[in-house]
Amino acid sequence: MELPIYFDHNATTPCHPEVVEAILPYFTSAYGNASSIHHPYGWIAENAVEAAREEVAELIGAEAKEILFTSSATEAINLAIKGLAMAHKGKKTHLITIATEHKAVLDTIEDLVHQGFDCTFLPVNAQGEISLDQLKASFKTNTLMLVGMTANNETGNLHPIKEMAEMAKAHDAFFVTDAVQAVGKIPLNVKDSGVDMLALSAHKMYGPKGVAALYIRKGFPKIDLVAQITGGGQEMGLRSGTLNVPGIVGLGKASSISLKHQVAESERLFNLRNKLEIGLLKITGSQRNGSSERLPHVCNVSFKDILGKPLLIRINKKLAVSSGAACSSISDKPSHVLTAMGLDKATAMATLRLSLGRSTTDKDVDFAIDYISRVVNDLRTAS
Ligand code: PLP
């Protein structure tokens, strides 16, 4: 068993070996620029990009022409939110989002608020769930968009995106979803759920870092976006810059692999996660954070009456996990997600998020239960 055991698949995932194999030729022999339309080097690269576009589209039930490649989901989210806001500036200036969104959304909206936009931040209950009644009451006549994540990165909570999309539509607003943690893990279909824009990221689904995509629904009502990166006019003029062909090929391959395995893998991880959670909840003073509607591979547990820092330092010697601290494990601030759910600072800091993935085995889970139980009990005895 290789230590520390990796339990941080929501932070990032290793590239699938088949993804690496698919990417390599695009660094060496097939190195053309996908925008070079006058010679075979360019055509080969362009064909590879278009094949990847099809693969990403198929994973989420979209059409290839609705997929736009970016360098990260953060960039995709910025384009969706700021691009839409800029296109409607001076007309519709109200946004709605959820207090527990990723910083990629919250900071982007904060930027717009500084520019004169107005935003309603929906609270969540102790389980991290929103109230649809409260959401309904938040719409105004000038609401331009609702931004709500498909799955939360800390708790794994799934939001009712279909109902949210319907509600946005009924109020003549757009619905943007950050689906970074859900895509490739559970089946998703943009047409069934009715979302207008959706962001996904390759490195969360066994693809490479530095490549992601934005789904932009075609059809009525038309989604007008103002480009946030200008230049050579790539990606329908919405995202200039030479395309990252190896990365895009990797995202395409990761998408087709996920499509094949996501149902069986999510079932396998659901069982492992439940075993892990049952084991951890036997520890005195432990509590689960999150609702019953959650991603199958995420486990978020807090431990009362122990300090967060020593807990994380001890745990990370043998298990690579995330904590309940904001953004990084060395932060002294508790996670905004956990505090929005009502956790006090000390409990939020004494929280571990374990996210399981392809490499996780039954033995890893047994080890994690035993090790975490021993560390928590040691820390309790010492205090
Ligand atoms: N949204 C969520 C929910 C995430 O978990 C992350 C990554 O941690 C992002 C957005 C940002 O993705 P990227 O790393 O591709 O910018």
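Both counts, for ligands and for their atoms, begin at 1 and track the order of listing. Computed from heavy atoms alone, side chains included, the values below leave out hydrogens, waters and symmetry copies.
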Numbered atoms and elements of ligand 1 in range of M149, under 4.0 angstrom, heavy atoms: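 Answer, ordered by atom number: 3 (C).
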
Atoms of ligand 1 close to S72 [distance to a heavy atom under 4.0 angstrom, numbered from 1]: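 By the 4.0 Å cutoff, the relevant atoms are 15 (O), 16 (O).
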
May I ask you to decide whether [X] forms a salt bridge with [Y], counting only side-chain N to carboxylate O separations under 4.0 Å?
X: D224; Y: K222; answer: yes
X: R374; Y: D370; answer: yes
X: E277; Y: R288; answer: yes

H102-N152 side chain donor-acceptor pair, cut-off 3.5 Å: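 Side-chain D/A pair, H102 to N152: absent.
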
To check your reading of the model: name the closest protein heavy atom to [atom], its residue, and the distance in Å.
atom: atom 15 (O) of ligand 1; value: S201 OG, 2.7 Å
atom: atom 4 (C) of ligand 1; value: H102 CD2, 3.3 Å
atom: atom 11 (C) of ligand 1; value: T74 OG1, 3.5 Å
atom: atom 12 (O) of ligand 1; value: A73 CB, 3.4 Å
atom: atom 5 (O) of ligand 1; value: Q181 NE2, 2.7 Å
atom: atom 10 (C) of ligand 1; value: D178 OD2, 3.5 Å

H203 contact mode with ligand 1 (heavy-atom cut-off under 4.0 Å):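 The answer is the side chain of H203.
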
Is there any N or O on [X] that sits under 3.5 Å from an N or O of ligand 1?
X: K204; result: yes
X: N153; result: no
X: V180; result: no

Set of ring-ring contact (aromatic ring centres under 6.0 Å, His included) partners for Y41, sequence neighbours left out: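 Per chain and number, Y41 pairs via ring-ring contact (aromatic ring centres under 6.0 Å, His included) with Y31, H39.
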
Stepwise side chain to side chain contact (heavy atoms under 4.5 Å, CB included) check, I223 with R217: CA-CA 7 Å; I223 301 175; R217 176 190 50 69; 3.7 Å; yes

Pairs meeting criterion ring-ring contact (aromatic ring centres under 6.0 Å, His included) with involvement of residues 119-170, two or more places apart: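 For residues 119-170: F139-H171.
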
Test side chain to side chain contact (heavy atoms under 4.5 Å, CB included) applied to T12 and K204, step by step: CA-CA 5 Å; T12 197; K204 306 287 187 184; 5.6 Å; no

